[in-house]
Peer 1: 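This is the structure I want to talk about, given as structure tokens.
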Amino acid sequence: ARSIKFPTFKRESRTEEEDVESGVKRRNLLCSIRHKTTSNVVALAHLHYRPILPKDRRVIQQLHEAWFPVVYQDEFYDELVENRMLGTHHSLFTQIATEENDAIVACVVGSFVEATLLSGYTQELLISDVNNHPRLFYIMTVGTIPKYRRSGLATYLIQLCLEQAENDTGCGAVYLHGTCMVSVIY
């Protein structure tokens, strides 16, 4: 079985204990998102939401390069705007938020990933019962422009991903990469 390659972040190496602690923090974060008030979403009602389209490629690449400490290949963006995951061609879930002038102000990219493509360690960490839940929903990227940070927009986009996961009975987890820059980009 081929393992899926998650992006490599520029960070110091951590021990297995630190990775487990980090995984627990990620799970707690996703649980707290469910309980967060939706009052900010009302303030975002003027935004429009849609999947990423081929016409968005240049802007999406510029935003990702500004938001993330990861350098994605051009092929990543070529596949992204076609709603396919690089290397596997699995379907992607994408949503962008735009203002009236169609200016992109936020986006989220995610995909269902079969547990068999994960390393054994990652499987054990994220999915408690791989027989009943053979896949997870992997949130690859989520970010907002500075004007919309701390407004609840990223929370709303993550909630859309959680809804995708909840609608798939075979999904046993939602996984989101995080960095020390989280407070900067959300």
Peer 1: Heavy-atom distance under 4.5 Å between the side chains of Phe76 and Asp74, does that happen here?
Peer 2: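 Answer no - side chains too far apart.
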
Peer 1: Is there a donor-acceptor pair closer than 3.5 Å between any side-chain N or O of His64 and the backbone N or O of Ile60?
Peer 2: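 Answer holds: yes.
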
Peer 1: Do Val109 and Ile139 come within less than 4.5 Å of each other through their side chains, counting heavy atoms only?
Peer 2: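 Answer no - side chains too far apart.
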
Peer 1: For the NZ atom of Lys147 and the CG atom of Leu153, what is their distance to the nearest 0.5 Å?
Peer 2: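 If I round to the nearest 0.5 Å, the distance is 11.5 Å.
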
Peer 1: Answer yes or no: is there a side-chain heavy-atom contact under 4.5 Å between Phe112 and Asp168?
Peer 2: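 A side-chain contact under 4.5 Å exists here.
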
Peer 1: Please name the pair of heavy atoms, one in Leu126 and one in Ala173, separated by the smallest distance, quoted to 0.1 Å.
Peer 2: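 What the structure gives for the nearest pair is O-CB, 3.2 Å.
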
Peer 1: If you look at every heavy atom in Thr144 and Ala106, which pair is closest and at what distance?
Peer 2: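 Looking at all heavy atoms of both residues, the shortest contact is CG2-CB, 3.6 Å.
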
Peer 1: Where is the tightest heavy-atom contact between Ala165 and Phe137, given as atom of each residue plus distance?
Peer 2: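 Smallest interatomic distance, heavy atoms only, reads CB-CB, 4.0 Å.
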
Peer 1: Nearest 0.5 Å, please: how far is OH in Tyr175 from OG1 in Thr122?
Peer 2: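 These two atoms lie 6.5 Å from each other.
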
Peer 1: For Val108, does its backbone N or O pair with a side-chain atom of Gln95 as donor and acceptor, under 3.5 Å?
Peer 2: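 No, the answer is negative, given that no donor and acceptor are paired below the 3.5 Å cut-off.
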
Peer 1: For the residue pair Glu65 / Tyr77, report whether a side-chain donor-acceptor contact shorter than 3.5 Å exists.
Peer 2: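 Absent: no donor and acceptor within the cut-off.
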
Peer 1: Would you tell me whether His48 and Glu100 have side-chain atoms, one donor and one acceptor, within less than 3.5 Å of each other?
Peer 2: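 Indeed, the side chains of His48 and Glu100 share at least one donor-acceptor pair under 3.5 Å.
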
Peer 1: Between Glu79 and Arg57, is the closest basic N to carboxylate O distance under 4.0 Å?
Peer 2: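 No, this pair does not count.
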
Peer 1: Are any of the side-chain heavy atoms of Leu136 and Leu118 separated by less than 4.5 Å?
Peer 2: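 Answer yes - side chains close enough.
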
Peer 1: Same hydrophobic cluster for Leu160 and Val174, using side-chain heavy-atom links shorter than 4.5 Å among ILVMFWY?
Peer 2: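 Leu160 and Val174: one cluster.
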
Peer 1: Between Thr94 and Ile52 (side chain of the first, backbone of the second, donor and acceptor by atom type, cut-off under 3.5 Å), is there such a pair?
Peer 2: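 At least one qualifying donor-acceptor pair exists.
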
Peer 1: Please find out if less than 6.0 Å separates the ring center of Tyr156 from that of Tyr49.
Peer 2: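 Close enough - the centres of the two rings lie under 6.0 Å apart.
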
Peer 1: Salt bridge check, Arg84 against Asp78: does any charged N sit closer than 4.0 Å to a carboxylate O?
Peer 2: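 No, Asp78 and Arg84 are not salt-bridged.
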
Peer 1: Under the side-chain contact (heavy atoms from CB on, under 4.5 Å) rule, what do Leu176 and Val142 come out as? Steps first, then yes or no, please.
Peer 2: CA-CA 9 Å; Leu176 167 67; Val142 61; 4.1 Å; yes

Peer 1: Could you check whether any side-chain N or O of Asn167 sits under 3.5 Å from a backbone N or O of Glu163, counting only pairs where one atom can act as donor and the other as acceptor?
Peer 2: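 Present.
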
Peer 1: Would you say His133's side chain and Ser128's backbone share a donor-acceptor pair under 3.5 angstrom?
Peer 2: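 Pair absent, no side-chain N/O of His133 close to backbone of Ser128.
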
Peer 1: Does the side chain of Leu86 reach to within under 4.5 Å of the side chain of Leu80, using non-hydrogen atoms?
Peer 2: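 Not in contact.
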
Peer 1: Tell me the closest heavy-atom pair linking Trp67 and Ile145, and the distance in Å.
Peer 2: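 Result for this residue pair: CZ2-N, 3.7 Å.
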
Peer 1: Shortest non-hydrogen contact from Asp56 to Arg50?
Peer 2: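 Residues Asp56 and Arg50, closest heavy atoms: OD2-NH1, 2.7 Å.
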
Peer 1: Which heavy atom of Met85 sits nearest to which heavy atom of Ser111, and what is that distance?
Peer 2: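 Result for this residue pair: CE-CB, 3.3 Å.
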
Peer 1: Drop me the distance from Leu117's CG to Arg135's CZ, to the nearest 0.5 angstrom.
Peer 2: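 It is 12.0 Å, given to the nearest 0.5 Å.
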
Peer 1: Under a 4.5 Å cut-off applied to non-hydrogen side-chain atoms, are Arg58 and Val81 in contact?
Peer 2: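 No, too far: nothing below the 4.5 Å cut-off.
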
Peer 1: With rounding to the nearest 0.5 angstrom, report the CG to CG distance, Leu44 to Leu47.
Peer 2: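 One finds 5.5 Å between CG of Leu44 and CG of Leu47.
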
